[in-house]
Undergrad: 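Quick one: this structure, given as structure tokens, is what I'll be asking you about.
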Amino acid sequence: MPGDTIVQFTISPYFVRMKTTPLIETHKALGARMTDFAGFNMPISYSSIQEEHLAVRRNVGIFDVSHMGEFFIRGKEALQLVQYVTTNDASRLAPGAAQYSCMPNEEGGIVDDLLVYRLPTGSPEEEYAFMLVVNAGNIEKDFKWIESHNTFQAELTDQSEQTGLLAVQGPKATEALQPLTQVPLDDLKFYTFTTGAFAGVENVIISATGYTGAGGFELYVPAERLVEVWQAILESGKQVDLLLVGLGARDPLRLEKGYCLYGNEIHDTTTPLEAGLGWITKFRKGDFVASDILRQQKEEGVKRKLVGFKVTDRRVPRQHYAIEDETGHYVGEVTSGSQSPSLGYPIGMGYVKTELASPGTRIVIATGRKKLEAEVVKMPFL
Amino acid sequence: MDFPANLKYTEEHEWIRVEDGDIAYVGITDFAQSELDELVYVEVDTVGEELEQNEVFGTVEAVKTTSDLFMPVSGKVLEFNPQLDENDGDDPTLVNRDPYGEGWIIKIELTQPEELESLMDVEAYQQMVD
């Protein structure tokens with residue numbers, strides 16, 4: 001109807017909100033396929049996911065993971081705050097060590113999983129200082145959560161936007177990176193870190209951590225120097241055929257190692273005990289958020305458990321597919337699934353009733369159109 | 001990216017090439033294969049069946065994604081490309097390497113040829129993926 005319509009020029013709010021890392025133009029120039037990941041425009045792949053995956057397992061690859069969040073906690077009672085909001089025991093960390101941990105909510109579900117780094121302080125008044133590394137999609141939620149529990153003499157700051165993060169992962173990571181720093185990388189044990197000059201940039205946190213199970217390092221770099229550090233690594237990595245790797249390969253890499261992904265295996269209604277994270281849930285350290293609920297769950301035993309399974313069919317299990325027992329009854333749901341590029345067959349993780357959680361148990365994955373034969377296996381897959 | 005002019009295209013990123021008479025080949029576009037990344041498995045379990053337009057005729061699996069395949073038009077599924085079939089050639093990456101040629105997925109016999117008119121030509125498809 002003429003005259004009825006007002007033509008409006010609109011820009012999708014999604015597009016406006018999409019965040020980027022300092023390397024966005026670099027990724028585009030390198031021909032990356034980009035995708036929206038947790039609100040960030042990120043590279044999914046530069047060549048092929050399979051090739052990138054295998055490069056990390058067998059050689060070395062570099063990821064831009066600057067979308068991750070970095071919080072700092074300082075002050076007299078920094079330790080008390082970290083102990084109260086996380087499940088692992090941060091008092092056991094020496095300066096220069098890191099630990100995997102999670103933040104429970106009041107019901108015992110999970111606000112986020114994270115890495116806790118104990119920073120050296122150099123001041124006797126400030127015994128403990130921490131860096132917390134959280135998932136990109138949870139930065140704001142986590143900050144508010146910790147802030148709301150900060151009844152301690154501790155100061156929380158969000159440095160996510162000022163901090164770039166590169167993961168250089170794979171058996172040849174040391175070879176690729178050593179020419180760029182005086183820090184003896186071979187001496188850095190798994191889950192320890194040091195701060196030093198790297199590729200001419202001061203104050204880079206060089207951390208022997210990662211989400212691939214392939215060994216290697218994560219480098220926390222001031223955001224304004226990230227592009228030059230990236231370029232230096234690409235140059236130095238040429239001698240060992242370092243490959244550019246997108247987030248597409250990060251998922252099967254972590255899945256092969258049985259690592260949880262927030263939003264898939266763990267979220268606000270799964271507890272750390274159900275997710276197999278009892279090893280980072282330390283009751284002896286004293287009270288923390290929902291410690292009473294979790295202690296009770298531990299005593300009573302969990303009703304469902306996260307398991308790994310392999311599919312004996314060619315079809316690939318995917319998140320939210322139903323898991324059934326052999327008689328066709330619903331027993332849980334797939335949380336992650338992928339073809340395993342290393343193993344050459346499909347694998348997955350999901351929750352099942354505890355009585356079906358032992359390795360060797362036959363289960364069935366219902367895709368909607370088809371039922372896939374599967375078997376519970378011990379994790380990691382690789 | 002390559003989009004041949006002699007094909008018709010669907011919103012689900014399939015292409016169809018009509019050969020002589022009522023026989024046609026169906027596959028996925030260059031855009032689709034590149035978005036999916038390397039295929040690890042192609043399943044077609046509808047050979048011999050008569051399917052309607054937009055009905056699912058198979059599935060492709062890539063590392064990260066599973067994607068159903070839809071009939072561009074109604075027809076009878078005559079053949080599944082043996083080079084892709086796990087019981088024969090078992091080379092799903094042919095779809096990535098040659099999506100409009102060797103990587104065709106099924107051969108069909110059209111039952112409602114007039115439905116071809118509802119599909120996109122190359123210009124319309126190109127506009128959609130740009």
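A note on names: the letters A, B, ... follow the listed sequences, proteins ahead of strands, and every chain is numbered from 1.
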Undergrad: Give a yes or no on this: more than 12 heavy atoms of other residues, nucleotides or ligands lie within 6.0 Å of atom NZ of B:K76.
TA: no
Undergrad: Looking only at atom types and distance, does a side-chain atom of B:D37 sit under 3.5 Å from a main-chain N or O of A:I49, one as donor and one as acceptor?
TA: yes
Undergrad: Under 4.5 Å from any heavy atom of chain B, what part of A:Y345 do you find: side chain, backbone, both or neither?
TA: neither
Undergrad: Are the side chains of A:R33 and B:E35 in touch, meaning some heavy atoms are under 4.5 Å apart?
TA: yes
Undergrad: Counting only heavy atoms not in A:E375, do more than 12 sit closer than 6.0 Å to its CD atom?
TA: yes
Undergrad: Which residues in residues 49-62 of chain B have a heavy atom less than 4.5 Å from any heavy atom of chain A?
TA: B:V56, B:G58, B:T59, B:E61, B:A62
Undergrad: Test side chain to side chain contact (heavy atoms under 4.5 Å, CB included) on A:I44 and B:K64 and set out the steps.
TA: CA-CA 10 Å; A:I44 186 157; B:K64 270 194 84 67; 4.2 Å; yes
Undergrad: Given heavy-atom pairs under 4.5 angstrom as the criterion, report whether the side chain, backbone, both or neither of A:S338 touches chain B.
TA: both
Undergrad: Counting only heavy atoms from other residues, nucleotides and ligands, does the tally under 6.0 Å from CD of B:Q127 exceed 12?
TA: no
Undergrad: Given B:T66, which partner from the list A:Q339, A:R318, A:R315 fulfils the side-chain hydrogen bond (donor to acceptor under 3.5 Å, both in side chains) test?
TA: A:R318
Undergrad: Let me confirm one number: the CD-CG distance from B:E86 to A:D313, rounded to the nearest 0.5 Å.
TA: 7.5 Å
Undergrad: Hey, does B:V63 have a side-chain heavy atom less than 4.5 Å from the side chain of A:Q50?
TA: yes
Undergrad: Show the numbers, then the answer: is there a salt bridge (charged side-chain N to carboxylate O under 4.0 Å, His left out) between A:K370 and B:D45?
TA: CA-CA 11 Å; A:K370 210 179 156 177; B:D45 50 9; 5.5 Å; no
Undergrad: Counting only heavy atoms not in A:R58 (residues, nucleotides, ligands), do more than 12 fall under 6.0 Å from its CZ?
TA: no
Undergrad: Between B:N96 and chain A, which part of the residue has a heavy atom less than 4.5 Å away: side chain, backbone, both or neither?
TA: neither
Undergrad: B:D68 and A:R369: which non-hydrogen atoms are nearest, and at how many Å?
TA: OD1-NH1, 4.2 Å
